[in-house]
**Q** 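Dropping a structure here in structure tokens format, bear with me for questions.
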Amino acid sequence: EVQLQASGGGLVQPGGSLRLSCAVSGITLDDTAIAWVRQAPGKKREGVSCLSGRDGRTFYADSVKNRATIYRDDSRTTVYLQMNSLKPEDTAVYYCVSDALCLVDRIMALVGSEWGQGTQVTVSS
């Protein structure tokens, strides 16, 4: 059974940083693509970053490019999303998703994707 556990969210001031973690079990990270997808109230769901397990390629939405870094640990059980220079518009619930679609111009969950429970990120002064 594939399980994903997201954590690391919180309240941060504009300009601050957070590192989100996604602990993955039941699947090898080398065999899947892990994406971070966020959902803000009243807004469409947005895929913000993705890590391809096969080749290690990384993908970022324009909204977070140059402010976010996705990577995995050496044990290949956890995927992180480091976010810097946070803005109020980054406020959302962030979910990690397995078996995601990672493309240069599109990051999204698929029908067969598994979702973690989400972690709230609030950027406010």
Side-chain angles (χ1 to χ4, degrees):
E1 180 186 5
V2 179
Q3 292 187 332
L4 300 97
Q5 181 84 21
S7 61
L11 173 63
V12 63
Q13 291 188 340
S17 298
L18 278 177
R19 189 179 74 164
L20 306 182
S21 300
C22 177
V24 181
S25 61
I27 193 169
T28 302
L29 288 181
D30 289 347
D31 296 331
T32 187
I34 299 292
W36 286 95
V37 177
R38 66 186 181 187
Q39 178 84 64
K43 294 188 177 180
K44 291 176 61 175
R45 187 178 294 167
E46 179 188 21
V48 296
S49 187
C50 195
L51 174 64
S52 172
R54 264 192 310 232
D55 55 15
R57 288 185 67 190
T58 58
F59 302 82
Y60 301 95
D62 288 343
S63 58
V64 302
K65 200 167 288 182
N66 300 318
R67 299 190 297 121
T69 304
I70 189 170
Y71 61 99
R72 63 189 182 191
D73 66 350
D74 289 341
S75 69
R76 288 172 160 71
T77 60
T78 304
V79 175
Y80 300 97
L81 182 68
Q82 174 71 42
M83 296 192 66
N84 303 320
S85 302
L86 283 161
K87 306 175 182 179
E89 50 263 45
D90 293 318
T91 296
V93 178
Y94 285 70
Y95 301 89
C96 56
V97 177
S98 68
D99 294 321
L101 178 67
C102 297
L103 297 174
V104 171
D105 59 351
R106 189 181 304 177
I107 298 169
M108 60 184 290
L110 298 173
V111 172
S113 295
E114 295 288 340
W115 292 69
Q117 85 287 3
T119 185
Q120 175 72 46
V121 172
T122 302
V123 183
S124 175
S125 56

**Q** Pairs in or reaching into residues 105-125: which pass salt bridge (Lys or Arg N to Asp or Glu O under 4.0 Å), with residues at least two apart or in two chains?
**A**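 Listed by first then second residue: nothing to list.
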**Q** Tell me every residue that passes side-chain hydrogen bond (donor to acceptor under 3.5 Å, both in side chains) with Asp99, counting only those two or more places apart in sequence or in another chain.
**A** Thr32
**Q** Where is the tightest heavy-atom contact between Trp36 and Ser21, given as atom of each residue plus distance?
**A** CH2-O, 3.5 Å
**Q** If you compare all heavy atoms of Ala109 against all heavy atoms of Val97, which two are closest, and at what distance to 0.1 Å?
**A**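 Looking at all heavy atoms of both residues, the shortest contact is CB-CG1, 3.6 Å.
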**Q** Determine yes or no for a side-chain-to-main-chain donor-acceptor pair under 3.5 angstrom, with Thr91 supplying the side chain and Val123 the backbone.
**A**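 Confirmed, Thr91 side chain pairs with Val123 backbone.
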**Q** Checking the side chain of Gln117 only, and the main-chain atoms of Gln5 only, is there a donor and an acceptor separated by less than 3.5 Å?
**A** no
**Q** Got a second to check how far Gln82's CD is from Thr69's OG1, nearest 0.5 Å?
**A**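 The OG1 atom of Thr69 is 7.0 Å from CD of Gln82, to the nearest 0.5 Å.
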**Q** With ring centroids as reference points, do Trp115 and Tyr95 lie under 6.0 angstrom apart?
**A**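 Trp115 vs Tyr95: aromatic centres under 6.0 Å.
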**Q** So which heavy atom on Ile107 is nearest to which on Ala35, and how close?
**A** CG2-CB, 3.9 Å
**Q** Would a 4.5 Å heavy-atom cut-off, applied to side chains only, mark Arg57 and Phe59 as touching?
**A** yes
**Q** Closest heavy-atom contact between Ala92 and Gln120?
**A** O-NE2, 3.4 Å
**Q** What is the minimum heavy-atom distance between Ser63 and Glu46, and which atoms define it?
**A**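 Here Ser63 and Glu46 meet closest at OG-OE2, 2.7 Å.
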**Q** Would you mind reporting whether Leu11 and Ser124 have side-chain heavy atoms less than 4.5 Å apart?
**A** yes
**Q** How would you list all residue pairs meeting salt bridge (Lys or Arg N to Asp or Glu O under 4.0 Å) that involve residues 63-72, not counting sequence neighbours?
**A** Asp30-Arg72, Asp62-Lys65, Arg67-Asp90
**Q** Side chains of Thr77 and Val24, heavy atoms from C-beta outward: is any pair under 4.5 Å?
**A** no
**Q** Following the transitive rule for hydrophobic clusters with a side-chain heavy-atom cut-off under 4.5 Å over Ile, Leu, Val, Met, Phe, Trp and Tyr, establish whether Val37 and Val48 coincide in one cluster.
**A**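 The answer is no; the residues belong to distinct hydrophobic clusters.
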**Q** Minimum heavy-atom separation for Ile70 and Tyr60, please, with both atom names.
**A** N-OH, 2.8 Å
**Q** Could you give the distance from CG (Leu103) to SG (Cys50), rounded to the nearest 0.5 Å?
**A**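 Spacing of CG (Leu103) from SG (Cys50) equals 8.5 Å.
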**Q** What is the distance from atom CG of Asp55 to atom SG of Cys102, rounded to the nearest 0.5 Å?
**A** 9.0 Å
**Q** Atom CD1 of Ile27 and atom OG of Ser98: how far apart are they, to the nearest 0.5 Å?
**A** 5.5 Å
**Q** Can you tell me how far the OH atom of Tyr94 sits from the OG atom of Ser49, to the nearest 0.5 Å?
**A** 11.0 Å
**Q** Decide yes or no for Leu81 and Val79: does some side-chain heavy atom of the first lie under 4.5 Å from some side-chain heavy atom of the second?
**A** no
**Q** Quick one: CD1 on Ile34 to OG on Ser113, what's the gap to the nearest 0.5 Å?
**A**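 Going from the CD1 atom of Ile34 to the OG atom of Ser113 covers 9.0 Å.
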**Q** State plainly whether one hydrophobic cluster holds both Leu86 and Val93, where clusters connect Ile, Leu, Val, Met, Phe, Trp and Tyr through side-chain heavy atoms under 4.5 angstrom apart.
**A** no
